[in-house]
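Worksheet for the structure shown next.
All heavy atoms count here, side chains included; hydrogens, waters and symmetry mates do not. By convention in this document, chain letters (A, B, ...) are assigned in the order of the sequence lines, proteins followed by strands, and residues within each chain are numbered from 1.
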Amino acid sequence: MDNMEKTYNPEFEQKIYNMWIKGKYFEAHPNPDKEPFTIVMPPPNITGQLHMGHALNNTLQDIIIRFKRMSGFETLWVPGTDHASIATEVKIVDKLKAEGLKKEDIGRDEFLVRAWDWKKQYGGRIVEQLKRLGTSCDWSKEAFTMDENCSNSVLESFVRYYKKGLIYRGNRIINWCPHCRTALSDAEVEYEEQPSNLWYYKYPVVGEDDAIVIATTRPETMLGDTAVAVNPKDEKMNRFIGKMVQLPLTDRVIPVVGDDYCEIGFGTGAVKITPAHDPNDFELGLRHNLEVISCIGEDGLMNENAGKYKGMDRLSCRQAVVEDLDKLGLLVKIEPYAHNVGTCYRCHETVEAIVSKQWFVKMKPLAEPAIKAVKSKKTVFVPQRFEKTYFNWMENIKDWCISRQLWWGHRIPAYYCDDCGEMVVSKTKVDTCPKCGGKMHQDEDVLDTWFSSALWPFSTLGYPKKNKNLSYFYPTNVLVTAYDIIFFWVARMMFSGIEFMEEPPFSQVLIHGIVRDSQGRKMSKSLGNGVDPLEIIDKYGADALRFSLAQGIAPGSDTRFSEGKIESCRNFVNKLWNASRFVIMNIKDDDSLEFPSRLNGNDKWILTRLNDVIKEVTINLNKYEIGIAAATLYDFVWTEFCDWFIEISKPQLYSEDKKQHQHAIAMLVYVLTEILKLLHPFIPFITEEIYSKFAPKGSVLMIQEWPSYNKRLVFRKEAKNFEELQEIVIAVRNMRNEMNLQPSKRISAYIIAKDPAYIKSVTPFFEKLCGINNVMIIENKDSIQEQVSALVTAGAELYIPLGDLIDKDKEIARIKDEIAQTEAVILKTENLLANKGFVAKAPQKLVDGEKEKLAAAKEKLIKLQDKLKMFE
RNA sequence: GGAAACGUAGCUCAGUUGGUUAGAGCAUUCGGUUCACAUCCGAAAGGUCGCAGGUUCGAGUCCUGUCGUUUCCACCA
């Protein structure tokens with residue numbers, strides 16, 4: 001057998017990964033004899049570097065996909081990356097800036113050349129990082145949102161939407177990021193509470209010696225005001241309706257309108273209306289036919305409509321306007337006010353609402369079937385509560401602004417005639433106007449990144465081309481993602497999949513939380529509390545990282561990452577390594593390793609426990625309770641396999657009797673092999689490496705069959721016997737500790753056993769486990785001639801000769817303590833059984849159990865009391 | 001304004017449809033190196049499950065209220 005290092009060292013990970021790749025074990029092909037199981041990876045941005053969020057997300061997917069692969073499914077995990085329109089464009093612009101260039105200086109074509117170069121250079125970075133985690137994706141199907149296939153899907157779906165009237169172009173009020181110089185969808189705006197003020201000032205009523213006082217958080221937008229609104233039911237204010245007011249600092253006169261948008265009692269009861277820079281005002285403007293006067297430009301600066309304030313930024317203009325109003329004596333007061341300000345999700349610049357001509361997806365007709373799919377359980381969220389979030393968004397959805405004033409992305413397939421203005425939407429380039437024969441030019445804008453992401457579950461499989469992969473692997477089975485992109489991505493994939501594939505893109509959505517730092521804070525660049533998964537992998541190995549991410553997580557909830565956690569997982573991996581090393585180094589060349597034909601009691605116990613664990617782990621993995629599955633294995637391997645089974649195997653293993661040795665080693669190898677299979681989805685590298693040390697040459701663990709629960713290897717009676725043995729051993733160890741017995745000190749014990757034959761068979765283990773080197777099985781304690789200390793457990797009574805070892809007072813105290821504990825159990829159980837309701841209504845099994853417990857405790861009490869008398 | 005989650009040992013968290021004495025890791029205390037592992041082994045200590053009610057034979061678990069923490073959505077100037 002191969003030698004194994006004394007301490008686990010993860011340096012073999014790369015070698016193992018290469019072996020998997022070489023064997024093409026990750027690749028999936030339509031196979032009519034197998035059921036498909038498909039996952040599409042949430043594509044990381046090409047600008048991204050692997051962070052803990054990716055590590056968690058991909059670890060979970062890999063656990064699921066490896067489990068399903070071993071369970072006999074034709075498993076496909078499609079990897080890929082996202083072109084990340086804004087994020088990438090920002091990178092390229094920054095790079096140009098370093099050269100003293102603006103993107104306009106080099107033009108669109110040259111810009112795109114540079115963007116593609118950038119993608120070539122850095123786009124594969126995160127993919128390589130994912131491989132270090134051990135992800136078993138089918139790299140032969142790796143996709144990119146701007147590759148030919150995906151781009152074709154985008155064109156196809158845009159045109160199909162358009163033909164159905166679900167995409168339109170229009171002048172609407174949209175969110176505008178003055179820094180990124182592009183429109184944003186509602187989902188791309190993040191609100192931050194910022195301290196601000198409410199400014200109160202007067203608008204003089206024309207022709208009267210009266211004025212309306214309004215309150216606003218944004219005085220600078222007054223330059224674009226085209227009305228003042230009051231609530232018609234407001235008795236203090238409705239007298240102004242129909243009058244005109246002088247808009248200060250301008251020569252304009254604007255009307256006072258009545259609209260119940262204006263809430264009675266808030267502020268002064270009057271609102272200034274700026275249709276060009278506020279979505280609510282825009283709507284109100286439509287109702288009252290108000291003029292739309294824009295005073296802030298796309299650069300975020302005041303424009304020509306702002307008169308003398310032209311060219312100022314929004315904040316300076318605000319200050320100037322307030323000062324000027326004050327000079328005119330119109331400023332009434334300033335109150336501090338906390339205000340939510342919309343910011344760009346990419347650059348965090350304050351977004352501006354502006355009116356602009358953009359492309360939109362009409363959402364209502366798409367949302368309806370997407371809601372229905374979840375209501376009818378065609379798609380299920382795990383945990384279910386996230387359905388509520390989904391419904392809430394889908395039911396209140398607004399049209400989706402999909403055009404972006406950027407260059408990096410899918411260019412909108414709309415063409416306009418230079419002469420007559422005719423517009424044609426087409427998958428292929430249109431040069432001449434079908435109406436007037438004039439020259440046509442393509443729309444300058446690109447699509448929202450999320451438009452292509454929305455098609456990901458089928459664009460990656462070849463849509464719109466009909467092909468075997470698409471029909472076999474679609475719809476996918478589970479989508480694994482953090483809750484923070486339910487709106488951006490999950491919801492949009494849902495309606496896109498239903499629209500184009502006529503079926504929801506996945507049957508389950510597994511939502512996980514985010515990885516926080518050890519203090520529960522979000523990991524962020526600005527806090528500098530991020531942990532680099534690659535550093536962790538270098539230091540502890542990918543397996544330790546994976547296990548620490550899988551352990552103790554529950555669907556939908558956040559998890560904390562700490563050095564302590566990763567250390568304990570590394571220790572676990574090391575424990576597995578050493579247990580395996582022990583087993584492997586005890587395999588002799590002529591050992592057959594055949595599963596023993598006759599099983600002993602210890603075998604039957606470990607096999608029972610193994611099968612319980614197989615069952616539990618399988619059930620939990622199927623429920624995506626990955627944390628529970630991991631914990632179950634951790635406990636089983638460490639506590640039961642290592643601490644008990646291996647220990648108890650040793651006398652047999654070292655036995656002179658060859659048969660004994662062969663039996664023991666065969667059992668150890670069998671159980672270890674099953675453990676390696678069960679752990680493989682969680683810690684694939686080390687399990688594969690260990691497996692290669694003793695498995696037949698060329699045999700690969702990752703494609704072994706997942707262990708199944710085998711009823712014939714479950715022996716309840718023997719398992720119970722063993723548990724009673726454990727109880728005895730623990731009781732002796734406990735006593736030895738209390739009595740300060742030297743660990744090396746060997747002692748004798750009389751045992752009255754419930755099952756003497758079994759105890760007799762395990763006699764050799766007592767020395768190893770608790771230092772009893774002389775076990776005397778007796779039938780009756782009367783045969784004991786010397787002073788002894790008693791231990792009473794469920795399976796046996798133990799009498800340890802006192803000799804000169806034991807402190808009498810200590811022994812008395814110990815027995816008294818045990819009596820007290822037993823009495824407490826008796827009292828509690830008696831009370832429970834005296835309760836008529838319990839006896840009548842609780843399941844019979846439970847009642848019987850309590851009765852048994854009571855009887856046993858009473859018996860134990862008598863024995864303990866007898867024992868005490870011997871000392872007094 | 002609406003919604004959701006969380007509150008269990010000193011710390012980080014499990015605890016599945018209500019059912020024996022509420023579990024684990026880390027930390028703590030005590031004891032241990034001869035042959036898998038000190039990244040280890042054995043043992044111990046530590047919890048009125050946020051609080052108050054209710055349903056039930058039985059509540060950490062279900063219901064109501066309450067306090068605290070967090071998150072998401074909406075956004076009234």
Taking any heavy-atom pair under 4.0 Å as a contact, classify [X]: base, sugar-phosphate, or nothing.
{"X": "A:Ala631", "value": "nothing"}
{"X": "A:Lys398", "value": "sugar-phosphate"}
{"X": "A:Asp643", "value": "sugar-phosphate"}
{"X": "A:Tyr191", "value": "base"}
{"X": "A:Lys388", "value": "sugar-phosphate"}
{"X": "A:Ser562", "value": "nothing"}
{"X": "A:Cys262", "value": "base"}
{"X": "A:Tyr337", "value": "sugar-phosphate"}
{"X": "A:Glu647", "value": "base"}
{"X": "A:Phe386", "value": "nothing"}

Write down the partner of [N] under the Watson-Crick or G-U wobble criteria, each distance required to be under 3.5 Å.
{"N": "B:rA77", "answer": "none"}
{"N": "B:rG65", "answer": "B:rC51"}
{"N": "B:rA14", "answer": "none"}
{"N": "B:rU56", "answer": "none"}
{"N": "B:rA3", "answer": "B:rU71"}
{"N": "B:rA43", "answer": "B:rU29"}
{"N": "B:rA9", "answer": "none"}
{"N": "B:rU21", "answer": "none"}

- Could you tell me if the ring centre of A:Tyr8 sits under 6.0 Å from that of A:Tyr540? no
- Query: Centres of the A:Phe636 and A:Phe641 rings: under 6.0 Å?
  - Reply: no
In whole Å, what is the span from the [atom1] atom of [X] to the [atom2] atom of [N]?
{"X": "A:Asp484", "N": "B:rA5", "atom1": "CG", "atom2": "P", "result": "19 Å"}
{"X": "A:Phe561", "N": "B:rC26", "atom1": "CZ", "atom2": "C1'", "result": "14 Å"}
{"X": "A:Asp558", "N": "B:rA14", "atom1": "CG", "atom2": "P", "result": "11 Å"}
{"X": "A:Phe694", "N": "B:rA36", "atom1": "CZ", "atom2": "P", "result": "18 Å"}
{"X": "A:Trp644", "N": "B:rG42", "atom1": "CH2", "atom2": "C1'", "result": "10 Å"}
{"X": "A:Glu767", "N": "B:rG42", "atom1": "CD", "atom2": "P", "result": "17 Å"}

Consider the side chain of [X], meaning its heavy atoms from C-beta on, and name the nucleotide among [options] that approaches it most closely.
{"X": "A:Arg560", "options": "B:rA36, B:rC13, B:rA43", "value": "B:rC13"}
{"X": "A:Glu850", "options": "B:rU20, B:rA77, B:rC75", "value": "B:rU20"}
{"X": "A:Glu616", "options": "B:rU16, B:rC40, B:rC72", "value": "B:rU16"}
{"X": "A:Cys642", "options": "B:rC72, B:rA36, B:rA77", "value": "B:rA36"}
{"X": "A:Ser557", "options": "B:rA14, B:rA4, B:rU39", "value": "B:rA14"}
{"X": "A:Arg516", "options": "B:rU71, B:rA77, B:rA36", "value": "B:rU71"}
{"X": "A:Arg733", "options": "B:rG42, B:rU16, B:rA5", "value": "B:rG42"}
{"X": "A:Lys575", "options": "B:rC72, B:rG42, B:rC37", "value": "B:rC37"}
{"X": "A:Leu846", "options": "B:rA74, B:rG19, B:rA36", "value": "B:rG19"}
{"X": "A:Asn737", "options": "B:rA43, B:rA36, B:rA77", "value": "B:rA43"}

- Task: Could you pick out which residue, A:Phe582 or A:Arg570, lies toward the 5' side of RNA chain B when each is mapped onto its nearest nucleotide?
- Result: A:Phe582
- Note on the structure: Comparing A:Ile730 with A:Glu625, nearest RNA chain B nucleotide closer to 5' gives the residue A:Glu625
Please measure how far the [atom1] atom in [N] lies from the corresponding atom in [M], and state the result in whole Å.
{"N": "B:rC51", "M": "B:rG7", "atom1": "P", "answer": "13 Å"}
{"N": "B:rG10", "M": "B:rC72", "atom1": "C1'", "answer": "32 Å"}
{"N": "B:rC6", "M": "B:rG32", "atom1": "C1'", "answer": "42 Å"}
{"N": "B:rU8", "M": "B:rU16", "atom1": "P", "answer": "16 Å"}
{"N": "B:rU17", "M": "B:rG60", "atom1": "C1'", "answer": "16 Å"}
{"N": "B:rA59", "M": "B:rU64", "atom1": "C1'", "answer": "15 Å"}
{"N": "B:rU61", "M": "B:rG15", "atom1": "C1'", "answer": "9 Å"}
{"N": "B:rC30", "M": "B:rA45", "atom1": "P", "answer": "15 Å"}

- Task: Decide whether a cation-pi geometry holds between A:Lys650 and A:Phe765; the criteria are a distance under 6.0 Å from NZ or CZ to the six-membered ring centre and an angle within 45° of the ring axis.
- Result: no
- Message: Can you confirm whether A:Asn175 sits close enough to A:Glu188 that some side-chain heavy atom of one is under 4.5 Å from a side-chain heavy atom of the other?
- Response: no
- Side chains of A:His661 and A:Asp591: is there a donor and an acceptor less than 3.5 Å apart? yes
- Is the base of B:rC37 touched by the side chain of A:Asn574 through a donor-acceptor pair closer than 3.5 angstrom? no
Under-4.0 Å side-chain N/O to phosphate OP1/OP2 contact, [X] with [N]:
{"X": "A:Lys6", "N": "B:rA38", "result": "yes"}
{"X": "A:Trp638", "N": "B:rA24", "result": "no"}
{"X": "A:Asn392", "N": "B:rA74", "result": "no"}
{"X": "A:His339", "N": "B:rA77", "result": "yes"}
{"X": "A:Tyr203", "N": "B:rA77", "result": "no"}
{"X": "A:Asn835", "N": "B:rG58", "result": "no"}
{"X": "A:Tyr540", "N": "B:rU39", "result": "no"}

- Message: Nearest 0.5 angstrom please: A:Leu549 CG to A:Ile566 CD1, how far?
- Response: 7.0 Å
- Query: Passes side chain to side chain donor-acceptor pair (under 3.5 Å), A:Asp225 versus A:Tyr203? Steps please.
  - Reply: CA-CA 11 Å; A:Asp225 283 3; A:Tyr203 284 6; 2.6 Å; yes
- Message: Tell me whether A:Glu563 is salt-bridged to A:Lys539, with the criterion being a basic N under 4.0 Å from an acidic carboxylate O.
- Response: yes
- Answer yes when A:Arg560 and A:Asp517 have at least one side-chain N-carboxylate O distance shorter than 4.0 Å, and no when they do not. no
- More than 12 heavy atoms of other residues, nucleotides or ligands under 6.0 Å from CD of A:Glu852: is that the case? no
